[in-house]
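Owing to the predicted nature of the structure, the values given are computational and were not obtained by experimental measurement. Order of the sequence lines fixes the chain letters, A, B, ..., with proteins taken first and strands second; residue numbering starts at 1 for each chain.
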Number of protein chains: 2
Amino acid sequence: MAQQAGREGRLRPARRLTLADDVYESIKTLVMDHILPPGERVNIDALARELDVSPTPVREALARLEADGLVRKRPLSGYTTTPLLSRAEFDDLFEVRQLLEGATAGRAATYASAEARQRISVEAAARIDVESGDGYRRHAAFTALDAKFHDLIAEVAGSPLLRDTITRLHSHLHLHRLYFPIAGAPATNSEHQRIAAAIVAGDATAATEAMRAHLSAARERHLPAFDQLPTPGTPRDSA
Amino acid sequence: MAQQAGREGRLRPARRLTLADDVYESIKTLVMDHILPPGERVNIDALARELDVSPTPVREALARLEADGLVRKRPLSGYTTTPLLSRAEFDDLFEVRQLLEGATAGRAATYASAEARQRISVEAAARIDVESGDGYRRHAAFTALDAKFHDLIAEVAGSPLLRDTITRLHSHLHLHRLYFPIAGAPATNSEHQRIAAAIVAGDATAATEAMRAHLSAARERHLPAFDQLPTPGTPRDSA
DNA sequence: GGAACCTATTTCCTATAGGATGTTGCTTTG
DNA sequence: CAAAGCAACATCCTATAGGAAATAGGTTCC
């Protein structure tokens, strides 16, 4: 008792299913937004106090996040947030993305329904006003739009397994989203439109090629961020 | 108190790190071996009693297993083991495997070290005596050998992400292993050797093609099982 | 002056108890 | 006889407490 009284609407969404699920989403956001910095130790009790719940659902949520690759668990030593990708891991990620998402785009061009093609066309036309909002919101909005476009293609490709797999990969990528140079947004948009055009036209080969080219270009756009980044894995004891 | 007294070595391995990890492995085995049948409800408390631990680590283990796709969670209703793959999901799985493992074999042929090629060659030569042991052990041994071969290729392909992704997919497949017709073992072995030969020779194109052909054949071998299977998703209330 | 050892604290890990919710079976009514 | 409503049960979900291990800091010895 003495806990479910006066904290409605603090972190709790309107439709509340289970507390553990809400906690999972909350912690995921904390990690994605770097409120819990990469490589940082995660104190279960402190997190439970912060979220105003007991440690049990926190522990359950962390177990799921570990399977997602967002935190690591060292036995009898606690959880830590996953460090930022190293350069090698980053390159690896984009190679795998090229393989998976290239094939996905090709499938989408072949199997997508007319209605699905319409949706892709609309989605590719959407843009984020680069001038609006502060830096953080702008980044978040742009990243969300990019993720939505890629997921949409995965959805209409007609392979649930492929879509799940791609979604999983994106978690790792999103840890880097705050470092993405916003200047690349226009190029990203036009590349998206080229992919959409190929899918709408039903040209699988062109769609695959356009997606691979897009990911190659996206990788190049991200690379400068590595020069201004703290070396991953370093146990930063900040000042 | 009154619990850590007399149950040494029951399910506890010699090196004990955390109870939750042991419970995770135990439940995973229970699901894989169909001791917890697919589609069955999983009672947390009953499972805790069975494993002689408290519900807390069981809950944590189930959360991880859910992320692995071996159990599903319905809010406020409990966990259920994942049903067997439907025909459509099965076909989907093998398409994705062809994509991923085909590319992996090609990478292995290109990047594998001399020592790695040696290991693959040895592994492909290993065989399970089809005559030995009872049906269950024979199946388990053969499936383990197959999984080891595929994972070895993924390991030497030099892409940790690709390897993780493939490992995840295999979980779903392994739920079907008990239905695999053992008669296909010799063909599987020879196909493995063909893949190994291409990798050892450094022929990426041939390795990719051999892997894809192998998976296509393996899929065909599995198909008859669908005719003698209870329809997936049926809530079986056994006699 | 440096390294190793010991101690104290923090943190994690597990067990237990109680409240809320979904489910099931029975009864009642049309 | 069937369907809807109700009640009892089982199960899940969350909170709290206590024991064990690891980490950090201080002290002592070389």
One thing to verify: whether [Y] and [X] come together as a salt bridge, which I'm taking to mean a side-chain N less than 4.0 angstrom from a carboxylate O.
{"X": "B:R177", "Y": "B:D146", "answer": "no"}
{"X": "B:E95", "Y": "A:R107", "answer": "yes"}
{"X": "A:R64", "Y": "A:D21", "answer": "yes"}
{"X": "A:K148", "Y": "A:E155", "answer": "no"}

Rounded distance in Å - [atom1] ([X]) to [atom2] ([N]):
{"X": "B:Y79", "N": "D:dC13", "atom1": "OH", "atom2": "C1'", "result": "10 Å"}
{"X": "A:L19", "N": "D:dC13", "atom1": "CG", "atom2": "P", "result": "11 Å"}
{"X": "A:K73", "N": "C:dT11", "atom1": "NZ", "atom2": "P", "result": "18 Å"}
{"X": "A:R49", "N": "C:dT11", "atom1": "CZ", "atom2": "C1'", "result": "11 Å"}
{"X": "B:D22", "N": "C:dT14", "atom1": "CG", "atom2": "C1'", "result": "13 Å"}
{"X": "A:Y24", "N": "D:dT14", "atom1": "OH", "atom2": "P", "result": "16 Å"}
{"X": "B:L47", "N": "D:dA10", "atom1": "CG", "atom2": "C1'", "result": "17 Å"}
{"X": "B:L62", "N": "D:dC13", "atom1": "CG", "atom2": "C1'", "result": "13 Å"}

Exercise. For B:V42, which contact category applies under a 4.0 Å heavy-atom criterion: base, sugar-phosphate, or nothing?
Worked result: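 If one applies the 4.0 Å heavy-atom cut-off, B:V42 turns out to touch the sugar-phosphate alone, with no base involved.
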Report yes if at least one side-chain N or O of [X] is closer than 4.0 Å to OP1 or OP2 of [N]; otherwise report no.
{"X": "B:N43", "N": "D:dC12", "value": "yes"}
{"X": "A:R59", "N": "C:dC12", "value": "no"}
{"X": "A:S54", "N": "D:dA15", "value": "yes"}

Exercise. Quick one: on DNA chain D, does A:R41 or A:A20 contact a more 5' nucleotide (nearest heavy atom)?
Worked result: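 Closest to the 5' end, via its nearest nucleotide, is A:A20.
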Identify which nucleotide among [options] has an atom closest to any side-chain atom of [X], counting heavy atoms from C-beta outward.
{"X": "B:D45", "options": "D:dT14, C:dC13, D:dC12", "value": "D:dC12"}
{"X": "A:S77", "options": "C:dA15, D:dT23, C:dT16", "value": "D:dT23"}
{"X": "A:R74", "options": "D:dT14, D:dT23, C:dC13", "value": "D:dT23"}

Exercise. Quick one: CG on B:L85 to NE2 on B:H172, what's the gap to the nearest 0.5 Å?
Worked result: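 So the gap between those two atoms works out to 7.5 Å.
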